[in-house]
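Structure first, then comments.
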Amino acid sequence: MAEANLYDAILKQIEGYKPEVESVEVGYVTEVGDGIARVVGLDNIRLSELVRFGAGVAGIAFNLEADSVGVIIMGDPNKIQEGDEVRPLGRIASVPVGMGLVGRVVDALGQPIDGKGPIQFSEYYEIERIAPGVIDRKNVGRPLQTGIMAIDAMIPIGRGQRELIIGDRQTGKTAVAIDAILNQKGQGVYCIYVAVGKRRGEVARLVNVLEEYGAMEYTTIVVASASDAAAMQYIAPYSGCAIGEWFMEAGKDALVVYDDLSKHAWAYRQVSLLMRRPPGREAYPGDVFYLHSRLLERAAQLSDEKGGGSLTALPIIETLLGDVSAYVPTNVISITDGQIYLEAELFYAGQRPALNVGISVSRVGGDAQTNAMKKVAGGIRLDLAQFRSLAAFAQFASDLDAATQRQLDQGMRLTELLKQPQYSPLKLSEQVALIHAGNSGQLRQIANERVSEWKDKFLRFLNTQNSALVNQIDTEKKWNDDIKAALDAAIKAFMANWS
């Protein structure tokens with residue numbers, strides 16, 4: 001009986017079988033070398049579509065030519081040989097997005113490289129996406145506090161802004177970006193750090209710092225290291241941007257740091273020249289401006305109808321000998337909403353962050369500042385700019401009048417006050433208190449070399465003895481006569497015991 005039932009079941013399956021023929025377009029490698037491959041036979045492939053070589057290595061269709069396709073290789077090119085089979089994957093280059101990426105370290109294709117197992121995600125985002133239109137945006141009006149007093153006071157950054165960090169190598173550009181990430185703890189901002197062309201040792205140290213300060217709880221790191229293929233370095237910023245866009249479109253706030261776009265442009269130049277695209281100025285291809293504009297334009301403050309989310313971009317550009325007029329720096333300066341210029345001379349003179357107030361600017365300005373910061377930091381930028389010009393003349397002057405000497409003394413104290421060690425971002429209340437003390441001339445009786453010591457001890461006093469005032473400033477973010485009087489009283493009480 002059982003045999004008959006089995007026979008009937010098999011017969012039923014055979015009768016119900018319908019043969020299906022699936023046609024798959026297959027190409028073949030005709031030439032491979034230097035991280036690129038030429039493929040024939042892929043007549044229907046799309047630009048930026050992912051392909052897989054026979055050895056399992058991924059690639060991206062980069063050049064669509066009349067008789068072949070130029071593919072940039074995303075893995076080890078030594079595994080690919082002439083005649084290998086190439087299959088399109090049917091999807092444009094994309095990365096997994098969602099909350100599952102928070103706290104993870106991934107490569108340029110969104111694959112985990114931190115040894116913590118597979119990533120939980122629900123959807124893919126294409127790495128190249130159209131930026132939100134004008135109608136879908138609204139004005140940048142909410143501050144993104146970096147915790148760095150010099151920046152929050154003079155070059156404020158708003159949520160949805162694109163603020164360039166520019167300077168020579170070893171002037172503290174990455175340090176500024178990392179401090180900004182550390183300061184987002186508890187602020188509801190998800191951070192994405194894109195490392196392009198960095199050594200793996202540098203990235204590992206960075207991950208350790210973020211873990212030590214509890215910042216990996218809201219941060220994703222996208223890595224395309226110096227040892228990775230140029231193709232990976234080229235797509236990494238777009239991948240990081242797509243990960244950040246998911247948060248923005250979900251109504252959340254995100255911050256993405258591109259460290260750095262100089263190496264990104266080098267990687268793009270490399271793959272373009274290998275693909276025999278015509279070179280232009282400094283051997284960059286003609287569309288190197290579009291390379292960065294289509295990336296940075298995706299940073300936005302969305303309108304309330306679109307959920308009100310934001311994506312803030314902090315691109316980093318490395319200059320050579322302070323030359324901000326070079327090709328790539330001028331391109332990115334013209335795309336962004338301002339720049340934070342870090343100067344090597346100031347850095348070596350001990351000014352950290354080495355911010356040049358004269359060249360640095362935020363085109364969003366006071367719109368991205370809290371009421372309290374706007375009120376107390378009003379004249380500080382002008383004072384410092386005047387101090388720098390006066391200091392240059394004072395070197396040659398034998399005797400100075402009282403007004404000039406007073407201005408120089410005030411400038412020196414403000415400069416000392418704005419010095420800030422790495423990994424120690426300040427709360428809004430601490431910044432407001434210190435800037436008010438400096439701007440109102442209450443530091444005049446303190447020796448210049450003791451301003452740093454005074455600052456540390458005063459902040460400890462303020463947080464312990466005046467915690468109610470600190471909480472009021474941090475929550476209300478307002479400045480009025482009552483807060484000013486309370487702050488003046490706190491400074492006076494501290495000065496009475498200061499020796």
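In what follows, residues are counted from 1 in the order of the sequence shown. In what follows, every heavy atom counts, from backbone to side chain, and hydrogens, waters and symmetry copies are set aside.
- Looking at N331, its side chain never comes within 3.5 Å of a backbone N or O of S334 through a donor-acceptor pair.
- Taking each heavy atom of I317 and P329 in turn, the nearest pair found is CG2-CG, 3.9 Å.
- Remark: side-chain polar atoms of R162 are not paired, donor with acceptor, to backbone N or O of L314 under 3.5 angstrom.
- Remark: the R277 side chain and the Y284 side chain contain no N/O donor-acceptor pair separated by less than 3.5 Å.
- If you check the side chains of R91 and S94, you find a donor sitting under 3.5 Å from an acceptor.
- More than 12 heavy atoms of other shown residues, nucleotides or ligands fall within 6.0 angstrom of atom CD in E297.
- With a 6.0 Å radius and a threshold of 12 heavy atoms from other residues, nucleotides or ligands, R46 has its CZ atom above the threshold.
- Residues S225 and E202 have side chains that never bring a donor and an acceptor to within less than 3.5 angstrom of each other.
- Of all heavy-atom pairs spanning P285 and S272, the tightest one is CG-OG, 3.5 Å.
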Y423 and V209: CA distance, side-chain angles, deciding distance, side chain to side chain contact (heavy atoms under 4.5 Å, CB included) verdict: CA-CA 9 Å; Y423 311 139; V209 167; 3.7 Å; yes
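- Remark: side-chain polar atoms of T30 are paired, donor with acceptor, to backbone N or O of R38 under 3.5 angstrom.
- Across all non-hydrogen atoms, the minimal contact from I181 to A215 is CG2-CB, 4.4 Å.
- In this structure, the side chain of Q420 engages the main chain of S424 through a donor-acceptor pair within 3.5 Å.
- When side chains are defined from C-beta on, P425 does not count as touching I148, because their heavy atoms never get closer than 4.5 Å.
- Summarising the local packing, CZ of R199 is surrounded by 12 or fewer heavy atoms from other residues, nucleotides or ligands at distances under 6.0 Å.
- Proximity of a side-chain donor or acceptor of R159 to a complementary backbone N or O of A254 within less than 3.5 Å is not detected.
- In plain terms, the two heavy atoms of A177 and V257 that are nearest each other are CB-CG1, 3.6 Å.
- For Y238 and H264, the ring centers are positioned less than 6.0 Å apart.
- With hydrogens and angles disregarded, no donor-acceptor distance shorter than 3.5 Å links the side chain of R104 to the backbone of T219.
- With sequence neighbours excluded, the residues that form a side-chain hydrogen bond (donor to acceptor under 3.5 Å, both in side chains) with R129 are E245, E249.
- Of the possible donor and acceptor atoms, none in the side chain of E49 sits under 3.5 Å from a partner among the backbone N and O of A93.
- Evaluation of the side chain to side chain donor-acceptor pair (under 3.5 Å) test over residues 132-152, restricted to residues two or more places apart or in two chains, returns K138-D304, R142-D253, R142-Q301, Q145-D152, T146-D152, D152-Q431.
- Residues passing the side chain to side chain contact (heavy atoms under 4.5 Å, CB included) test with I359, sequence neighbours excluded: Q339, Y341, N356.
- Under the 4.5 Å side-chain criterion, counting only non-hydrogen atoms from C-beta, M216 is in contact with V105.
- With sequence neighbours excluded, no residue satisfies salt bridge (charged side-chain N to carboxylate O under 4.0 Å, His left out) with D179.
- Heavy-atom contacts from other residues, nucleotides or ligands closer than 6.0 Å to NZ of K419 number more than 12.
- Residues W266 and Q233 bring no donor and acceptor atom of their side chains to less than 3.5 Å of each other.
- Taking the ring-ring contact (aromatic ring centres under 6.0 Å, His included) definition, one finds that Y190 meets it with F247, sequence neighbours left out.
- Using a 3.5 Å distance cut-off with no hydrogens or angles, the side chains of Y193 and D259 do pair a donor with an acceptor.
- In this structure, S362 contributes its side chain and I157 its backbone to no donor-acceptor pair below 3.5 Å.
- The two residues V95 and A242 come nearest to each other via the heavy atoms CG2-CB, 3.9 Å.
- Under a 3.5 Å cut-off, the side chain of N371 and the backbone N or O of W479 do form a donor-acceptor pair.
- Qualifying side chain to side chain contact (heavy atoms under 4.5 Å, CB included) partners for D76, counting only residues two or more places apart in sequence or in other chains: N78, K79.
- Taking the ring-ring contact (aromatic ring centres under 6.0 Å, His included) definition, one finds that Y218 meets it with nothing, sequence neighbours left out.
- Side-chain contact check for D337 and Q161: no donor-acceptor pair (N or O, by modelled atom type) lies under 3.5 Å.
- A 6.0 Å sphere centred on CG of D34 holds no more than 12 heavy atoms belonging to other residues, nucleotides or ligands.
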Steps toward salt bridge (charged side-chain N to carboxylate O under 4.0 Å, His left out) verdict (K198, D228): CA-CA 10 Å; K198 289 198 168 293; D228 287 331; over 6 Å; no
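- Open room surrounds CD on Q13; 12 or fewer heavy atoms of other groups in view lie less than 6.0 Å from it.
- Evaluation of the ring-ring contact (aromatic ring centres under 6.0 Å, His included) rule for Y290 yields no partner, not counting sequence neighbours.
- Judged by distance alone, with hydrogens and angles left aside, the side-chain atoms of S239 form a donor-acceptor pair with the main-chain N or O of I235 at under 3.5 Å.
- Listed by chain and residue number, nothing satisfies the ring-ring contact (aromatic ring centres under 6.0 Å, His included) test with Y348 (two or more places apart in sequence, or in another chain).
- A search for side chain to side chain contact (heavy atoms under 4.5 Å, CB included) contacts involving Q111 returns D107, L109, not counting sequence neighbours.
- Atom CE in M154 sits 10.5 Å away from atom CD1 in I340 (nearest 0.5 Å).
- For K427, the side chain to side chain contact (heavy atoms under 4.5 Å, CB included) criterion is met by S429, E430, N463, V470, D474, not counting sequence neighbours.
- Note on residues 44-78: pairs passing ring pair (Phe, Tyr, Trp, His ring centres under 6.0 Å), not counting sequence neighbours, are F62-Y234.
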